[in-house]
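To keep things clear, I will list the structure first and then write my remarks on it.
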Amino acid sequence: MFSQFFKKYDTAAVFAIGSVGYCCIELLWRGRTHWTMAVAGGICFTLITEIEKRFTNVNFLYKCIMGSLAITTVELFIGVIFNLMLNKNIWDYSNLKFNFLGQICILYTVLWGFITALALPVSRKLILALQK
């Protein structure tokens, strides 16, 4: 029954897992989160899962780099919309070196690579579960 649910709603399930996971990371790292981070997390985990599905023969390090760049891109788009255009002030990297518009920076891009390294095996197991 559980696997039937995932087969029918696999993209929604992947998105939901990413949403919850990202919000948990935010709560552990910053002590707070915002609903937009649930959206970002869902999108990011969906992208990481797609990277894992489509690039099966690609080196793990390259997948981590792809995931890092994907997360950074999502962070930039959400940051520009919610932080800059709508003035929600969810985060601000202006005080960090090598930032762009205060929305993305090298430090977090590297950290997203480590998060991707943790998310890829979870993604692989989820893909296998969804294929059953």
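In this chain, numbering begins with 1 at the start of the sequence shown.
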Distance (rounded to the nearest 0.5 Å) between [X] [atom1] and [Y] [atom2]:
X: Ile71; Y: Leu76; atom1: CD1; atom2: CG; result: 14.0 Å
X: Met66; Y: Asn59; atom1: CE; atom2: CG; result: 9.0 Å
X: Ile115; Y: Cys64; atom1: CD1; atom2: SG; result: 11.0 Å
X: Asn87; Y: Asn89; atom1: CG; atom2: CG; result: 6.0 Å
X: Thr56; Y: Ile51; atom1: OG1; atom2: CD1; result: 13.0 Å
X: Asp10; Y: Phe15; atom1: CG; atom2: CZ; result: 14.0 Å

Could you see if [X] belongs to whatever hydrophobic cluster contains [Y]? Use Ile, Leu, Val, Met, Phe, Trp, Tyr and a side-chain cutoff under 4.5 Å.
X: Ile78; Y: Trp29; result: yes
X: Phe100; Y: Met85; result: yes
X: Ile127; Y: Leu47; result: no
X: Leu69; Y: Ile104; result: no
X: Leu111; Y: Phe98; result: no

- Message: Side chains of Thr116 and Ser68: any donor to acceptor distance under 3.5 Å?
- Response: no

- Residues joined to Leu27 in its hydrophobic cluster, side chain to side chain under 4.5 Å directly or through other members, sorted by chain and number, are none

- Message: On a heavy-atom basis, which atom in Asn99 and which in Leu101 lie closest, and how many Å separate them?
- Response: OD1-N, 3.7 Å

- side-chain contact (heavy atoms from CB on, under 4.5 Å) between His34 and Trp91, worked out: CA-CA 10 Å; His34 189 269; Trp91 73 86; over 6 Å; no

- Task: Let me see the working for Glu75 and Tyr93 under side-chain contact (heavy atoms from CB on, under 4.5 Å), right down to the final yes or no.
- Result: CA-CA 11 Å; Glu75 189 176 35; Tyr93 298 152; 2.6 Å; yes

- Message: Between Glu52 and Lys63, does any side-chain N to carboxylate O distance fall below 4.0 Å?
- Response: yes

- Query: Between Trp35 and Phe82, what is the ring plane arrangement, given parallel below 30°, perpendicular above 60°, and tilted in between?
  - Reply: perpendicular

- Item | Derivation and outcome, side-chain contact (heavy atoms from CB on, under 4.5 Å), residues Tyr108 and Leu96 | CA-CA 10 Å; Tyr108 279 91; Leu96 299 174; 3.7 Å; yes

- Message: Checking Ile81 against Gln103 for the side-chain contact (heavy atoms from CB on, under 4.5 Å) test, could you report, in this order, the C-alpha distance in whole Å, the side-chain angles of both residues, the deciding distance, and whether it holds?
- Response: CA-CA 10 Å; Ile81 293 167; Gln103 303 311 299; over 6 Å; no

- Query: Do Ile90 and Arg30 touch side chain to side chain, with heavy atoms closer than 4.5 Å?
  - Reply: yes

- Pairs in or reaching into residues 44-79: which pass ring-ring contact (aromatic ring centres under 6.0 Å, His included), with residues at least two apart or in two chains? none

- Message: Closer than 3.5 angstrom, by distance alone: can the side chain of Asn83 be matched with the main-chain N or O of Lys88 as a donor-acceptor pair?
- Response: no

